[in-house]
Every structure is written in structure tokens, then in C-alpha cells.
Amino acid sequence: MAFERNTQETYYDSIIKQGYSRRDFMKFATYIAAYMGLETTMIGQVAKSLETTFRIPVIWEHFQECTCCSESFIRSDHPIVSDIILDKISLDYTLTLMAASGHQAEAAKHATMEKHKGEYILCVEGSVPLGDDGNYCCIAGRSAKDILIEAAEGAKAIIAWGSCACNGCVQAAYPNPTKATPIHKIIKDKPIIKVPGCPPIGEVMAGIIVHLITFDRLPELDNIGRPKAFYAKRVHDSCYRRPYYDAGLFAESFDDQNAKEGYCLYKVGCRGPMTYNSCGTIRWNNGVSFPIQSGHGCIGCSEEDFWDNGPFYERLTGLAGFGIESSADTIGKVAAGVLAGGLAAHAIAANVTKRKELSDRIRRGKANEKKFES
Amino acid sequence: MRSKNYKRVYVWELPVRIFHWINVLCITVLATTGFIIADPPAILSGAEASESYWFGTVRFIHFATAYIFFFNMLLRIYWAFVGNRFANWKAFLPFSRKMRKNILHVLKIDILLMHDKTNDVRNISVGHNSVAALSYVALFIVAVVQVITGFGLYADNSGWWLPDLFSWVVPLFGGDFMVRTIHHVATWFFILFTLIHVYLVFYHDWLEGRGEVSSMFGGYKFVQEDRLTTEDIEDLNENSEEMESTPAETSPSS
Ligand code: HEM
Ligand code: SF4
């Protein structure tokens, strides 16, 4: 293995050993506490627990995925953030980053699973194909499903990284040929933290890990299992173009004057109003930008089924089963038109078939009018 | 020929009428503002965002009206338990054999425009006819869908417990996108319902001449005297001075 890993070392010890100063460490504690949405008074607690807790062993499984989650994590802003994953959390098994391979790697994983049973954190990146006995994704001769069930057995908690692990992402898009399945549909008896996004923001990933370390319990989750600190708000609620939305100033196409003015991208398909994520506040690439800031609408990558929710550049999309071109509104308009025609025809038919009753009544009415006294 | 004496019957009580017109207003406002929210008009202007808030206002109107729509609906549900027999919840579902027979009758006479062989006045409904009643049940279900999806979308914008009661909705459907799509599609059902509903009201008014249209304003419909038991006819009571009993109400017939 690349690094000598010692789980009996505290986070602080290993950060200092790496050559960071105490000042760097305190800066990191402050920075990550801010991302986690903690009050400033909690910074001390974050620093304290990093100083006193031993590194938790982590097994990181890769199934049907593209590794963008790992990429996002190791590219996150603060150097200690990526160090946390590369070194500090004692990552005992991860296909992408470990130096070991083959039997050696599998043996290391099993050693961790036995030695730290009930203590290790299982991180899962990717979905699990259940189609054809799980043959679409095999590692070391075993199916992803088997591997997941085995690794989940002794895990203290599971982190489902990215949309693949949380909702299946692109491989689960219609018609989902491999029956790609998110983790929570397979493992039911362990706490699962869902961190959706394609990929999730690196700082969000780090924040969640530090939360686990600092408080030794799961961060507060919403009712579908996402940490509230990062997924409680829609992108729309923290979008800097929001004033244009409220003012009703919209770009109509990507090359019009309104787009150049920086108007809201709602009408060119922005999914910000339907997407729960922190892109508007934390942003990407060291806080440099995020899609909307770069002139492209949000595609809703942290939402379930976002691939099936139609073209990214349209507000309302076709309804399944009615052909690609027909939106709900076209169907509605046609239905209303047909109905209005039908009602008109009915009105005519009613006057024809009931003409006797009608003419009788009209005659009686006229007769009464003649008899009217004053 | 027998004379058709029409009697005034109080069918729609004041709370029912108030509910009806508030409901009309709310649905109109909600559908209009909703469609604007779904597809706002293109405005080309060099304005700065700080100068205007019209889209925010449209959304505000939608949400405020949604509350009125919702509370109005709750009041109507309450009235379905304390109101008169025409407003009662039992009037809406075909519990009795008579109501089920009435469904067939309405389908034959009013939808397929056939003719009655015998002229039985009891076939003409005084409150809702049984088919119309079913259409209101359907509308109620769509309204519930609209309330659930609407407040589901709204829950996260609000700190109040009432919208928060609906915070289970979005997770249930997997995300806002699905919820918004349902909310949008359901709007079309209101429009289709309104077309049919308004047409049939005019149809009954025109073909039966019993004050169908005005009944939702004044509350009265006109019913042939032989449908009422004589001791119940208010106009014949001694204190009839207080009651309106004008000759215009009885239509001497040929
Ligand atoms: C209790 C009732 C209702 C509530 C709480 C409610 C709430 C909402 C909310 C929160 C939105 C999303 C707006 C946004 O994100 O900017 C919305 C959109 C909309 N509402 Fe309602 N609404 C209600 C009833 C109705 C009714 C009765 C109708 C139609 C008759 C309607 C039609 C629409 C339409 C067409 C949209 C646009 C949907 C889209 O984005 O495509 N709403 N409503
Ligand atoms: S660009 Fe998207 S997220 Fe931003 S205000 Fe417009 S619709 Fe909302």
C-alpha cells in the first residue's frame, strides 16, 4: 500500500505529521465548520474532536459509476479536504486510489471488515445492477450486489455518494437495461446518508465526513435521507439570478440580449426551482462558479430521474405515452377544443331532438304573456 | 291539460352559494396565475431587476389564493355534514337504488338526448342529479390532488406548520419535477370540468326552465307542486303573508 496507515493515530496527529502547521489546522476546522453550517462557537468542538478521535476506517466501493464523485472530492478547495480522503480517513479500500491490486487489495479489505466490524464507514459510489443476476458489474469475480451486501453487513453507516448510489442516475434512466438500483433499495437495515449530485460538491462530501468524525453520529437528514445542511434549499432559493426571476425578466434563448444581460434562465429549462442542492452558495471549483453563473441552466443533477425529466432546455416536457412533441399543454388544448366542439354539437342536437318540449314551453310562455294584466 | 304549478324550493343555502362563487373565483385566479408561472410571457426590456417584481407578485397571488381555495374547501366539507339534504355528502355518491337509476336516466335523457316514455316528475332532480354529483366528486378529487401537490411544492418556502404538513409529498413522488408536472396537468382537468359544467347548467336552464342558472344566485329552484306533500307547502300556511306568494310563481298552463 502507498501509505502506512495507522488507525490508532488521531486526525490531528496525521495532519501535523503531513507537514501542516497548527494554524493551517485551525483554518481548516473553521472552514469546514462554516460549510457544515455550524455556529462559530462549534469550531472549537470540531478542532477538539479532530485532535482526539482516532481515524475511522473507511471502505469505498465503486460500482456502476464514472468516478466523478471521487474526482469532485479530491479536487475540493482546501488541501486538507482532499488529504482527508486520500490519507486521513484511513481509506482502506478504494479501487481508484489504492496502490494495491488483485488479491492483495481484496485481502486488505477483508482484514478491515473483520478487524473493525461494526465500526467502519462504507462509502458507495455507483449503482448496483440487479438485471441478469448482477452480471453487468463484477469486481474480483463477484457481482456488485454480493459485494455490497457483504460490505454493508459490518458497516456502522453507509454513505451513498452521488446520484448513482442515491437514485440510479443515467444508468437507471429509461429503459434501465441493467436494472441499475440505488443502494437504499438493497440495504434496508443500515443508516444511509444520501449525497446526490452528479457529482456532489467536494466540500459537501468533506463536510459530511467531518461531521461523522466530529459528532460521531449522522448529520441531520431530511425525509429522504439527505443531510439538511446541504440539501434543504432549492438551487433557485440561493441563486444570484433570482431577482430577475422575481422581476419576470427571462432569457428566451441562449443568444438573446436578455441572456447577455444575465437574466434568469427559467424559460430555457433551468431546473433550479426543482432542485435541492448547495450550488448557489458553495459553488464549484473553489467557489469560482456554478452552471447558472456560467450561463447554463441547472439540469437538476441531484434530483431523482433527472435524465428522464426530458430535454434540459425546456420548461415543461412531453408526457410519456403521448409522443415526443406533445406537451401537457398541447394535449390540454386539443382536449379542450374537441370538448368544446362536442358540447356545441350536443347543444344543437338537444335543440333538435327536444324541439317539441321547447316549442310547447315557448307557446305557453307567450300565451301567458298575453294574459298578463298590468 | 293539467296545470303545472311551480313552487319555490330553497335548494342552495347561503354557505353553499358563497362557497360556489369563491371557488369559481379561486380556480380562475389559480389557473391563470398558474399558467403564467408555468410559462411567463416574454418581456424584452432593458430594465434592472430592482425596478420590478411582477413575477413575484403573480406567485404571491397564486399562493394567497391557494390558501383561500383550501379554507373554502374545508368549509364546504364541514357544510356537507350540517347543511341541508342537497348539500349533504350523501347526495354526492350513488348510495341508493334511486340514485343509481337516476344515473341511467340522466345519461339517456340529457346526454344521449332520448325521450321519456312516461312523464314522471320524480325523474327530474331537484338538487344535483346523480351524474352531476359524480362529476363534483371527481372535481373534489382533482382539487385534493391540486392542494396536495401545490402545498407540497410550497412547503419548503414556508415556515408555517400548515404547508409543512405537506412536506411528505415531494419525497413521495421522487422530486419537485414530478409534483409540478402533476400540478400542471391537473389544471387542465379544472378547465375541462368548467367547460362541461357551465354548458350543462345552461342546458338544464334552457330545457327544463326551472331556474337552474339563477339557483346559484338566489338559492331557489322551481318544482312542480305535485312533488311536494300538501301540508309541507309553505305558501299554503296561514302565515303566508310573510311568505312570498306572488301569482308570478304559478304558471297557469294550457
Ligand atoms: C391549494 C392549492 C394550491 C397551492 C398550494 C398551489 C401552489 C403552487 C405552487 C407552490 C406552484 C409552484 C410555483 C413556483 O414554484 O413558482 C404552483 C404552480 C402552479 N399552479 Fe398551483 N397551487 C394550488 C392550486 C392550484 C390550482 C387549483 C390550480 C389550477 C386551477 C393551479 C395551477 C397551477 C399551475 C398551472 C402551476 C404552474 C405549474 C408549472 O410549473 O408548470 N394551482 N402552484
Ligand atoms: S436561473 Fe434558475 S435557479 Fe436561478 S433564478 Fe432563474 S430559474 Fe431560479
Task: Arg59(B) side chain near Asp246(A) side chain, heavy-atom distance below 4.5 Å - done: yes
Open item on the list: Is it the case that over 12 heavy atoms from other parts of the model lie below 6.0 angstrom from the CZ atom of Phe189(B)?
Closed with: no
Open item on the list: Around atom NZ of Lys179(A), are there more than 12 heavy atoms from other residues, nucleotides or ligands closer than 6.0 Å?
Closed with: no
- [ ] Could you have a look at Glu303(A), Lys267(A), Arg241(A), Glu304(A) and say which one has the most heavy-atom pairs with chain B under 4.5 angstrom?
- [x] Lys267(A)
- [ ] First locate atom NE2 of His236(A), then atom CG of Asp156(B), and finally report the distance between them rounded to the nearest 0.5 Å.
- [x] 12.5 Å
TODO: Answer with side chain, backbone, both or neither: which region of Arg355(A) has an atom nearer than 4.5 Å to a non-hydrogen atom of chain B?
DONE: neither
Open item on the list: Are the side chains of Phe55(B) and Leu249(A) in contact, using a 4.5 Å heavy-atom criterion?
Closed with: no
- [ ] Mind ranking Lys356(A), Lys233(A), Lys333(A) by heavy-atom pairs under 4.5 Å with chain B and telling me who comes out on top?
- [x] Lys333(A)
Task: Tyr203(B) and Lys354(A), any side-chain heavy atoms less than 4.5 Å apart - done: yes
Open item on the list: If the condition is side chain to side chain contact (heavy atoms under 4.5 Å, CB included), which residues does Ser238(A) pass it with, not counting sequence neighbours?
Closed with: Thr281(A)
TODO: Sort out for me which of Thr275(A), Asp222(A), Leu339(A) touches chain B most, counting heavy-atom pairs under 4.5 Å.
DONE: Leu339(A)
Task: Contact origin within Tyr276(A) toward chain B - heavy atom pairs under 4.5 Å - done: side chain
- [ ] Name all residues meeting the salt bridge (charged side-chain N to carboxylate O under 4.0 Å, His left out) criterion together with Glu357(A); count only those two or more places apart in sequence or in a different chain, and write none if there are none.
- [x] none
Task: Part of Ser167(B) lying under 4.5 Å from any heavy atom of chain A - done: both
Task: Residue pair Arg234(A) / Leu153(B): nearest heavy atoms and the distance that separates them - done: NH2-O, 2.6 Å
- [ ] Among the options Pro41(B), Gly174(B), Gly175(B), pick out the one with the most heavy-atom pairs lying under 4.5 Å from chain A.
- [x] Gly174(B)
Task: Least distance between heavy atoms, Phe35(B) atom then Asp329(A) atom - done: CE2-OD1, 4.0 Å
Open item on the list: Are more than 12 heavy atoms, taken from residues, nucleotides or ligands other than Trp188(B), located less than 6.0 Å from that residue's CH2 atom?
Closed with: yes
Task: Shortest non-hydrogen contact between Arg180(B) and Tyr266(A), atoms and distance - done: NH2-OH, 2.9 Å
Open item on the list: Just to be sure I understand the criterion: a residue of residues 342-351 of chain A counts if one of its heavy atoms is under 4.5 Å from a heavy atom of chain B. Which ones qualify?
Closed with: Leu343(A), His346(A), Ala347(A), Ala349(A), Ala350(A), Asn351(A)
Open item on the list: Quick check for you: to the nearest 0.5 Å, what is the distance between Met274(A) atom CE and Met178(B) atom CE?
Closed with: 12.5 Å
- [ ] Kindly give the heavy-atom pair with the smallest separation between Ala247(A) and Ala49(B), and that separation in Å.
- [x] CB-O, 3.6 Å
Open item on the list: Would you say CZ of Phe60(B) has more than 12 non-hydrogen atoms from neighbouring residues, nucleotides or ligands within 6.0 angstrom?
Closed with: no
TODO: Measure across Pro171(B) and Ile224(A) and return the closest heavy-atom pair with its distance rounded to 0.1 Å.
DONE: CB-CG2, 3.1 Å
- [ ] Please report the shortest heavy-atom distance between Trp54(B) and Gly248(A), naming the atom on each side.
- [x] NE1-CA, 3.5 Å
Task: Contacts of Phe202(B) that satisfy side chain to side chain contact (heavy atoms under 4.5 Å, CB included) - sequence neighbours left out - done: Val198(B), Val213(B)
Task: Structural part of Ile36(B) lying under 4.5 Å from a heavy atom of chain A - done: neither
